[in-house]
Amino acid sequence: PQQTEDAFPASQQIVVLSESLNATNVQIQSLQEQYHDLERTNRLLVAEVLSLQKMVRAQSQASNELISH
Amino acid sequence: PQQTEDAFPASQQIVVLSESLNATNVQIQSLQEQYHDLERTNRLLVAEVLSLQKMVRAQSQASNELISH
Amino acid sequence: PQQTEDAFPASQQIVVLSESLNATNVQIQSLQEQYHDLERTNRLLVAEVLSLQKMVRAQSQASNELISH
């Protein structure tokens with residue numbers, strides 16, 4: 001059992017690893033939240049672009065009618 | 001070697017850590033997939049916005065020509 | 001202390017876990033960078049969509065004035 005009597009024993013290494021993993025999980029949580037914000041903005045953009053397409057097509061049609069008269 | 005004879009020995013702590021890390025990796029995999037979906041939507045949005053810009057500029061030019069005649 | 005004398009002792013398991021966690025952190029770093037790229041594109045898209053909305057509204061108003069004369 002030399003390993004557990006090392007200057008840096010297994011138990012301490014496990015504590016360090018456990019803390020590192022916690023920090024990693026905090027980062028993932030933050031990424032998940034950032035992702036959801038981006039997803040929300042993206043959904044708004046899709047709605048705005050669809051609405052713009054409708055407006056532009058309606059204007060295009062109106063212009064064509066105006067020209068053909 | 002008291003540590004390995006604890007109520008919660010190193011070997012068990014390692015199993016717990018290993019399972020936690022697996023769960024973390026599953027979360028990252030899911031985030032990666034969500035990211036790729038968002039990237040795909042974003043690319044479609046860029047294409048739609050560029051197409052809208054062309055249409056709006058063409059309409060703007062057509063209007064100006066209509067007014068100047 | 002049978003565990004530390006196993007074919008796959010705690011110290012080696014800790015090394016493997018530590019390397020896995022490092023690989024996980026590299027993946028998170030990469031996801032974070034991909035996220036920032038996507039956020040930048042998204043901000044540009046928001047600006048372009050706002051600018052398109054202004055142009056389309058101005059054109060719509062101009063068309064209405066043209067028709068009413």
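Because the structure is predicted, anything quoted here is derived from the model rather than measured. Scope of the values below: all heavy atoms of this structure, side chains included, with no hydrogens, waters or symmetry mates. In what follows, chains are A, B, ... by sequence order, proteins preceding strands, each numbered from 1.
The distance from atom CD of C:Gln13 to atom OG of B:Ser18, rounded to the nearest 0.5 Å, is 8.0 Å.
Checked against C:Val49 for a side chain to side chain contact (heavy atoms under 4.5 Å, CB included), the options B:Val49, B:Leu45, B:Leu52 give a single hit: B:Val49.
Side-chain N/O atoms of C:Gln27 and B:Gln32 include no donor and acceptor closer than 3.5 Å. Side-chain atoms of B:Asn25 and C:Thr24 form a donor-acceptor pair, as typed in the model, at a separation below 3.5 Å.
Between chain C and the options B:Gln53, B:Glu39, B:Met55, B:Arg57, heavy-atom pairs under 4.5 Å are most frequent for B:Gln53. Top candidate by heavy-atom pairs under 4.5 Å with chain B, chosen from C:Asn42, C:Val56, C:Leu44, is C:Asn42.
Taking both residues in full, the closest heavy atoms of B:Tyr35 and C:Tyr35 are given as CE1-N, 3.9 Å, listed atom of the first, atom of the second, then distance. Here the closest heavy-atom approach between residue C:Ser20 and residue B:Leu21 is recorded as CB-CD2, 3.3 Å.
With a 4.5 Å cut-off on non-hydrogen atoms, C:Gln59 touches chain B through its side chain but not through its backbone. With a threshold of 4.5 angstrom between heavy atoms, C:Leu31 approaches chain B through side-chain atoms but not through N, CA, C or O.
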